[in-house]
Amino acid sequence: MSHLQPDEALYSLLCKYLLGEAEAPERAWVEAWRKDQPANEAALGAVRQLLEAPRPGDPSFGISTDSSWERLRASITAQPAAPAPETEVVPMRRKNRVWMAAAAIALLVVAGIWGVKRAGNGEQSFSGGQTADLHDGSRIQLAGNGKLTVDEDFGEKERRVRVKGKASFDIAHSAGKPFIVEAGETEIQVLGTKFTVEWDTSLFIRVESGKIQVTDPDLGKPVVMTEGMTLRRNAASGEFEVKGAQGLSFEDVPFAQVVEAVEKEYHVKITVADPAMLEKRITTRFSGESLEEVMDALAFMVSASVETPAPGTYRLQPL
């Protein structure tokens, strides 16, 4: 598959949405993104205008995948553009190739209208649903409510980012350049590990592998966390709770096995509307999360929503 930069991935999704090729979860994400701030709706409108603009002598209107691609290509070749960075591309289905190519061109054209999602001070931002592939080899997967900001001087002396919402981190090792995640006043420092951070009104951290150091003005001395440990801060009391390695761990197993283990651990009944969900291969770990958090995670794994038909009973419904 193509390795797209974050802005390319966003424009790819917008083009796919406008061309009627987005799947239900993608459409839902774009609809929420449109309402997030006025600039988002303006950007979508700009992409729509480019896709719908008729060629001279072309009486047809509306969005057409093939004709939109041709119009966008004509638009971009009419003006100089900086050479794009080299990317690794593996052949894909024609349908995906068309909307991704159109999106890449839309990115270059619309960049002059909306920018490339960078703050005025050079910081780079990512929003929910994106995967941030940083130049040091680190990868951050954002949940729907996740937001990530990368410092302008990232990688010079340190690698510092700020997060809000939920994000999973897979951090590349870089000698002498610690990776620092800010979640409000809490700082998480790592050298190379996998962990998850969720911060909004409360804070939750889970380490999947490696080691991190957590500092906060209210913690006193720093807390070192290793594989399997969790840290939770109560939003009401402000108190921190650190737990050792425990919980449930799965490595490339059918989703049915994950569901069965969760049922036994939390004493609940879980059903799925689509039996095909149970065959999906899953790698994950649960360490001290609440039942609500676990159910949200299960739903995310199989692109489903959670229904509660009765107390202690949950049903996963495909989106």
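One is the number of the first residue; the rest follow in order along the sequence. Heavy atoms only: backbone and side chains are in, while hydrogens, waters and symmetry mates are out. Everything quoted here is computed from the prediction, not taken from an experiment.
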Lys/Arg N to Asp/Glu carboxylate O, [X] vs [Y], below 4.0 Å:
X: Glu260; Y: Lys264; value: yes
X: Lys177; Y: Asp136; value: no
X: Glu293; Y: Arg206; value: no
X: Asp252; Y: Arg281; value: yes
X: Arg159; Y: Asp151; value: no

Could you see if [X] belongs to whatever hydrophobic cluster contains [Y]? Use Ile, Leu, Val, Met, Phe, Trp, Tyr and a side-chain cutoff under 4.5 Å.
X: Phe300; Y: Val258; value: no
X: Ile270; Y: Val253; value: yes
X: Leu316; Y: Leu319; value: no
X: Met301; Y: Phe250; value: yes

If you round to the nearest 0.5 Å, how far is [atom2] of [Y] from [atom1] of [X]?
X: Lys16; Y: Arg27; atom1: NZ; atom2: CZ; answer: 10.0 Å
X: Glu307; Y: Met295; atom1: CD; atom2: CE; answer: 10.5 Å
X: Leu142; Y: Gln130; atom1: CG; atom2: CD; answer: 7.0 Å
X: Phe255; Y: Leu298; atom1: CZ; atom2: CG; answer: 4.5 Å
X: Leu13; Y: Glu23; atom1: CG; atom2: CD; answer: 10.5 Å
X: Ile180; Y: Ile171; atom1: CD1; atom2: CD1; answer: 11.5 Å

Using the rule ring-ring contact (aromatic ring centres under 6.0 Å, His included), only one of Phe169, Phe179, Phe204 pairs with Phe195; which is it?
Phe169
So, the side chain of [X] versus the backbone of [Y]: is there a donor-acceptor pair under 3.5 Å, distance only?
X: Thr271; Y: Arg315; answer: no
X: Arg232; Y: Glu241; answer: no
X: Arg233; Y: Gly238; answer: yes

With Tyr314 as reference, evaluate Val294, Val306, Val272 under the side-chain contact (heavy atoms from CB on, under 4.5 Å) test and give the passing residue.
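Going through the options one by one, the only one that passes is Val306.
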So, applying side-chain contact (heavy atoms from CB on, under 4.5 Å) with Ile188, which one of Ile212, Asp216, Val161 is it?
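Of all the options given, the one that passes is Ile212.
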What class does the angle between the rings of Phe154 and His135 fall in, given that below 30° is parallel, 30 to 60° is tilted and above 60° is perpendicular?
perpendicular
Flag for Ser168-Thr196: side-chain donor and acceptor within less than 3.5 Å:
yes
Less than 4.5 Å apart, side chain to side chain, heavy atoms only: is that true for Val214 and Thr186?
yes
